[in-house]
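Here's the structure, in structure tokens; my notes come after.
Counting convention: from 1, in listed order, for ligands and their atoms alike.
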Amino acid sequence: MTQDGVEAVNIDTSKPHPARIYDYLLGGKDNYEVDQQAGDRLAAAAPEARIGVRANRAFLQRAVRYVVGGGVRQVLDIGTGLPTSPNVHEIAQSVAPDVRVAYVDNDPIVAAHGNALLSRSGTTRIVLGDLRDPRSVLDHPDVRQLIDFDQPVALLLVAILHFLTEADRPAEIVATLRDALPAGSFLVLSHATGDFADRSAAQAVYSDATASLNLRSRAEVERFFEGFDLVEPGLAQVPFWRPDAPPPQHSAEIGFYGGVARKTA
Ligand SMILES: C[S@@+](CC[C@H](N)C(=O)[O-])C[C@H]1O[C@@H](n2cnc3c(N)ncnc32)[C@H](O)[C@@H]1O
């Protein structure tokens with residue numbers, strides 16, 4: 001254990017990690033020089049990158065409040081990211097204190113920080129797992145202990161699917177997860193896109209990172225919602241999904257789509 005309670009993990013600081021680049025862009029401190037350099041290159045390639053990640057995070061908060069406000073009491077958040085206040089369980093439990101949250105991420109440093117943060121919580125836990133193997137996520141004993149798949153679940157895939165290539169078969173992965181959810185469940189999803197500006201230079205920043213960045217068009221992102229009904233306003237650039245404040249500057253260029261959808265049958 002280190003001083004802040006984070007268990008020692010084998011941290012690879014030779015390559016930028018998506019979770020740590022994102023943390024750096026959000027103004028966090030859980031990142032290394034290699035991630036900071038990648039984040040700076042990303043911000044140079046896509047000037048609205050920092051506003052974009054904040055807008056994505058704000059979308060996540062509004063979407064979690066929406067689904068918990070709609071009565072869901074269980075959240076499965078795959079692609080958790082490093083702790084960022086307020087975290088998903090804090091947002092959800094501020095609406096309904098009995099919400100249970102299972103976090104899943106494939107980055108050991110995220111799991112270590114999550115464990116340190118959550119060690120005293122019985123309603124929240126973090127699992128080291130990979131979205132590319134959805135069955136092992138669904139069957140993980142810690143996930144099963146918190147999430148009852150006979151009751152509605154909010155599945156969060158927020159800013160994660162763009163780290164999967166087509167060879168990973170992301171649509172099949174989402175379908176496997178969807179089929180495990182009962183009616184009344186929700187999908188909360190956001191995804192990077194190049195629809196609003198040429199983002200090939202931003203994409204290139206991830207060429208030496210631990211995961212590539214795979215931008216997708218509106219139609220490609222929409223297909224992830226197959227079997228769900230998008231709630232109003234449908235798929236939107238994240239600042240424009242049910243905003244609760246005036247959109248930030250440069251919102252029209254923000255390269256993140258976001259949407260929330262309900263499984264009705
Ligand atoms: C950009 S962060 C998003 C964090 C949070 N969902 C948000 O939107 O604020 C993406 C996260 O997905 C995780 N991730 C990437 N590929 C993954 C995979 N195949 N399985 C599980 N987690 C993955 C990364 O480690 C990182 O923590």
F59/Y66 aromatic ring centres below 6.0 Å: no
Within-shell test, G129 vs ligand 1, heavy atom, strictly < 4.0 Å: yes
Of [options], which has the heavy atom at the shortest distance from [atom]?
| atom | options | value |
| --- | --- | --- |
| atom 13 (C) of ligand 1 | V104, V88, D105 | D105 |
| atom 8 (O) of ligand 1 | L161, L60, N56, L26 | N56 |
| atom 19 (N) of ligand 1 | I160, D130, L157 | D130 |

Validation row: Q74, L146 side chains within 4.5 angstrom (heavy atoms): no
N/O separation below 3.5 Å, N106 to ligand 1: yes
Which heavy atom of the protein is the closest neighbour of [atom], given with residue, atom name and distance?
| atom | result |
| --- | --- |
| atom 12 (O) of ligand 1 | G79 CA, 3.4 Å |
| atom 7 (C) of ligand 1 | Y22 OH, 3.2 Å |
| atom 20 (N) of ligand 1 | L131 N, 2.9 Å |

H17 and Y32 side chains, donor-acceptor separation under 3.5 Å: no
Polar side chain donor-acceptor pair, D195 to Y257, under 3.5 angstrom: yes
Against heavy atoms of [X], which atoms of ligand 1 measure under 4.0 Å?
| X | result |
| --- | --- |
| G81 | 4 (C), 27 (O) |
| A159 | 1 (C), 2 (S), 3 (C), 8 (O), 10 (C) |
| D107 | 25 (O) |
| V158 | 3 (C), 5 (C), 6 (N), 8 (O) |
| T80 | 4 (C), 5 (C), 6 (N) |

Side chain to side chain contact (heavy atoms under 4.5 Å, CB included) partners for I51, two or more places apart: P248, H250, I254
All pairs passing ring pair (Phe, Tyr, Trp, His ring centres under 6.0 Å) where residues 197-222 contributes a residue, at least two apart: F163-Y206
Over 12 foreign heavy atoms within 6.0 Å of CD, E226: no
Distance in Å, D23 CG paired with N31 CG, rounded so as to fall on 0.5 Å steps: 5.0 Å
Interatomic spacing from CG in L157 to CG in L76 - rounded to 0.5 Å: 8.0 Å
Mode of R57 contact toward ligand 1 - side chain, backbone, both, neither (heavy atoms, under 4.0 Å): side chain
